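Heads up, the thing below is written out as structure tokens.
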Number of protein chains: 2
Amino acid sequence: MATVAFDTHDHASCISTALSRAEAHCDQNGLKLTPARRRVLEILLHEHRAVGAYDILEVLRQDGLAAQPPVAYRALDFLVKHGFAHKIERLSAFVACAHPGEKHVPAFLICETCDHVAEATVEVAPKSLCDTAKAIGFEINRTVLEATGLCAKCAPAKS
Amino acid sequence: MATVAFDTHDHASCISTALSRAEAHCDQNGLKLTPARRRVLEILLHEHRAVGAYDILEVLRQDGLAAQPPVAYRALDFLVKHGFAHKIERLSAFVACAHPGEKHVPAFLICETCDHVAEATVEVAPKSLCDTAKAIGFEINRTVLEATGLCAKCAPAKS
DNA sequence: TACATAAGCGCTACATCATAACACCCATAC
DNA sequence: GTATGGGTGTTATGATGTAGCGCTTATGTA
Ligand SMILES: [Zn+2]
Ligand SMILES: [Zn+2]
Ligand SMILES: [Zn+2]
Ligand SMILES: [Zn+2]
């Protein structure tokens with residue numbers, strides 16, 4: 001279950017399961033999965049891919065919902081803050097978390113051609129990084145790993 | 001914009017050494033370290049922290065040099081492409097490479113308060129990431145690790 | 001009930017980051 | 001010479017992200 005993005009799978013149930021789990025987690029922790037937040041999560045889940053904030057706005061607009069930038073950014077902030085999504089810094093885009101609820105160092109395999117994103121699990125930050133941090137008195141809060149390259153679909157097309 | 005250079009090293013020679021090495025590397029590889037590129041590298045070396053493209057432009061402007069955005073971005077593209085600098089995606093900013101010429105996975109410890117950046121060495125991408133990549137046929141080109149937190153100077157102020 | 005407080009939302013306006021595209025210069029190569 | 005290609009200077013524009021205001025709604029308190 002390390003990754004889902006490049007596999008074939010039952011995507012409809014993959015989405016509904018993730019939504020249910022998010023709802024449950026919010027209920028249990030006094031968080032509000034408002035319609036806007038829920039819809040943005042749904043959009044992210046629909047693609048297993050990095051989606052830009054303005055792409056999300058485009059979808060919301062088609063739904064007839066409010067679609068000014070802060071709408072998307074506020075929902076995304078909520079989702080990222082509570083672990084339902086991650087920001088892919090290299091793409092200035094967002095992706096639904098593949099391991100919500102589990103403590104993990106997010107690690108992404110980002111296809112340079114099609115922007116598909118696979119999320120791998122890395123249990124802890126590499127030792128050499130932690131050693132350096134300790135040596136200089138740096139206190140790590142959050143670690144992200146981003147690898148770029150070519151996915152199985154796109155690699156052949158490049159050769 | 002205080003200069004937060006390390007107190008613990010000879011920063012002037014740290015800069016000039018890095019510049020000399022960059023010059024030598026360019027000579028040996030048929031690359032042109034033009035005045036603009038050299039000056040931008042110098043600016044990055046001067047701070048041991050992430051510097052935004054528009055901050056660099058501001059310095060160039062004070063030097064009386066051309067200072068439209070493409071000037072900075074083109075120089076930065078060159079420096080990043082040839083390993084003299086890295087882009088810190090989380091900050092949309094740039095930092096001189098601390099290990100030029102050595103093959104390495106760049107790994108950064110980024111202070112959330114003062115933007116100070118320490119570059120650690122990670123020899124290879126974590127095994128679990130490589131395993132996932134192999135399992136799904138993903139071909140990794142480039143891996144970057146960004147850890148955010150508080151540096152030794154800023155951690156006490158937060159507690 | 002009445003009221004205070006806080007969170008969320010809709011919106012305008014703006015700030016920040018990055019690139020497209022074109023004209024010009026100049027070195028090297030045929 | 002003159003074609004080619006890299007680097008530069010410039011204008012204009014695109015893409016990404018935020019501050020802040022007024023409004024509504026949920027929730028706690030008396
Ligand atoms: Zn799915
Ligand atoms: Zn791909
Ligand atoms: Zn130094
Ligand atoms: Zn700091």
Side-chain angles (χ1 to χ4, degrees), chain A residues 22-23 26-27 29-41 43-44 49-82 84-95 110 112 115 146, chain B residues 1 22-23 26-27 29-41 43-44 49-82 84-95 110 112 115 146 148:
Chain A
E23 271 167 6
C26 286
D27 281 354
N29 294 84
L31 304 173
K32 293 184 204 168
L33 192 63
T34 64
R37 291 167 177 176
R38 192 191 146 95
R39 183 71 184 109
V40 171
L41 177 55
I43 292 166
L44 291 181
R49 213 179 72 173
V51 184
Y54 282 74
D55 294 333
I56 289 169
L57 281 176
E58 190 52 44
V59 177
L60 293 179
R61 198 162 284 141
Q62 285 165 18
D63 290 358
L65 299 178
Q68 288 68 34
V71 172
Y73 283 104
R74 288 197 284 230
L76 288 166
D77 284 348
F78 172 88
L79 295 174
V80 169
K81 181 175 179 185
H82 296 104
F84 303 120
H86 297 290
K87 178 169 186 184
I88 309 293
E89 302 287 350
R90 260 195 72 87
L91 301 175
S92 295
F94 302 82
V95 70
I110 307 162
E112 286 164 354
D115 283 7
E146 298 186 0
Chain B
M1 274 285 255
E23 271 167 4
C26 286
D27 281 354
N29 294 83
L31 304 174
K32 293 184 202 169
L33 191 63
T34 63
R37 292 168 176 176
R38 193 193 146 93
R39 183 71 185 107
V40 171
L41 176 56
I43 292 165
L44 290 181
R49 59 179 216 174
V51 184
Y54 280 70
D55 294 334
I56 290 169
L57 281 175
E58 189 53 43
V59 178
L60 293 178
R61 198 162 284 143
Q62 286 165 17
D63 290 358
L65 299 177
Q68 288 68 34
V71 172
Y73 283 104
R74 287 198 285 231
L76 288 167
D77 284 348
F78 173 87
L79 295 174
V80 168
K81 181 174 178 185
H82 296 103
F84 303 120
H86 297 291
K87 179 170 186 184
I88 309 292
E89 302 286 352
R90 262 194 70 87
L91 301 175
S92 295
F94 302 83
V95 69
I110 306 161
E112 286 164 355
D115 284 5
E146 299 187 359
T148 53

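Note that the coordinates shown come from a computational prediction; the quantities given were computed from them, not determined experimentally. Naming: A, B, ... by sequence-line order, numbering from 1 per chain.
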Query raised in the report: To the nearest 0.5 Å, how far apart are CD1 in A:I110 and CZ in A:R49?
Result: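 Rounded to the nearest 0.5 Å, the CD1-CZ separation comes to 13.5 Å.
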
Rounded to whole angstroms, how far apart are [atom1] on [X] and [atom2] on [N]?
X     : N      : atom1 : atom2 : value
B:R90 : D:dT16 : CZ    : P     : 18 Å
A:L91 : D:dG17 : CG    : C1'   : 16 Å
B:E89 : D:dG17 : CD    : P     : 11 Å
A:D77 : D:dA19 : CG    : P     : 10 Å
B:L65 : D:dG9  : CG    : P     : 8 Å
B:D63 : D:dG9  : CG    : P     : 13 Å
B:Q68 : D:dT10 : CD    : P     : 5 Å
A:I88 : D:dG17 : CD1   : P     : 12 Å

Query raised in the report: Along DNA chain C, 5' to 3', what are the outermost nucleotides having an atom less than 4.0 Å from a heavy atom of chain A?
Result: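 Terminal contacting nucleotides, 5' to 3': C:dG8 to C:dT12.
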
Requested in this report: Using the closest heavy atom to pick a nucleotide of DNA chain D for each, name whichever of B:A67 or B:K32 lands nearer the 5' end.
Outcome: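 Result of the comparison: B:K32.
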
Requested in this report: Look at the side chain of A:Y54 and the base of D:dG17, then say whether one donor and one acceptor between them are separated by less than 3.5 Å.
Outcome: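 Side chain to base: pair found, below 3.5 Å.
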
Query raised in the report: Reckon A:A53 touches a base, only the sugar-phosphate, or nothing at all at heavy-atom distances under 4.0 Å?
Result: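 No contact.
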
Requested in this report: Ignoring backbone atoms, test whether A:R74 places a side-chain nitrogen or oxygen under 4.0 Å from the OP1 or OP2 oxygen of D:dT18.
Outcome: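 For A:R74, the contact criterion (side-chain N or O under 4.0 Å from OP1 or OP2 of D:dT18) is not met.
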
**Report entry** Short side-chain N/O contact from A:S92 to OP1 or OP2 of D:dA15, under 4.0 Å
**Finding:**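 For D:dA15, neither OP1 nor OP2 has a side-chain N or O of A:S92 closer than 4.0 Å.
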
Report task. Return the minimal non-hydrogen interatomic distance between A:P69 and A:L57, and the atom names on each side. Result ->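 Nearest heavy atoms, A:P69 then A:L57: CA-CD1, 3.5 Å.
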
Query raised in the report: If we only count heavy atoms from C-beta on, is the A:D27 to A:L33 side-chain gap below 4.5 Å?
Result: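 They are not in contact (no side-chain heavy atoms under 4.5 Å apart), so the answer is no.
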
Query raised in the report: Should A:V71 and A:I56 count as side-chain neighbours, where that means a heavy-atom distance under 4.5 Å?
Result: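 No, too far: nothing below the 4.5 Å cut-off.
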
Requested in this report: Give the intermediate values and the outcome of side-chain contact (heavy atoms from CB on, under 4.5 Å) for residues A:F78 and A:L31.
Outcome: CA-CA 10 Å; A:F78 172 88; A:L31 304 173; 4.1 Å; yes

Query raised in the report: Would A:I43 and A:L60 count as a side-chain contact (heavy atoms from CB on, under 4.5 Å) if you check the C-alpha gap in whole Å, the side-chain angles of each, and the deciding distance to 0.1 Å?
Result: CA-CA 9 Å; A:I43 292 166; A:L60 293 179; 4.0 Å; yes

Query raised in the report: Within the distance-only criterion (no hydrogens, no angle test), does the side chain of B:R61 pair as donor or acceptor with the backbone N or O of B:A67 below 3.5 angstrom?
Result: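 Yes, the answer is positive, given that a donor and an acceptor are paired below the 3.5 Å cut-off.
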
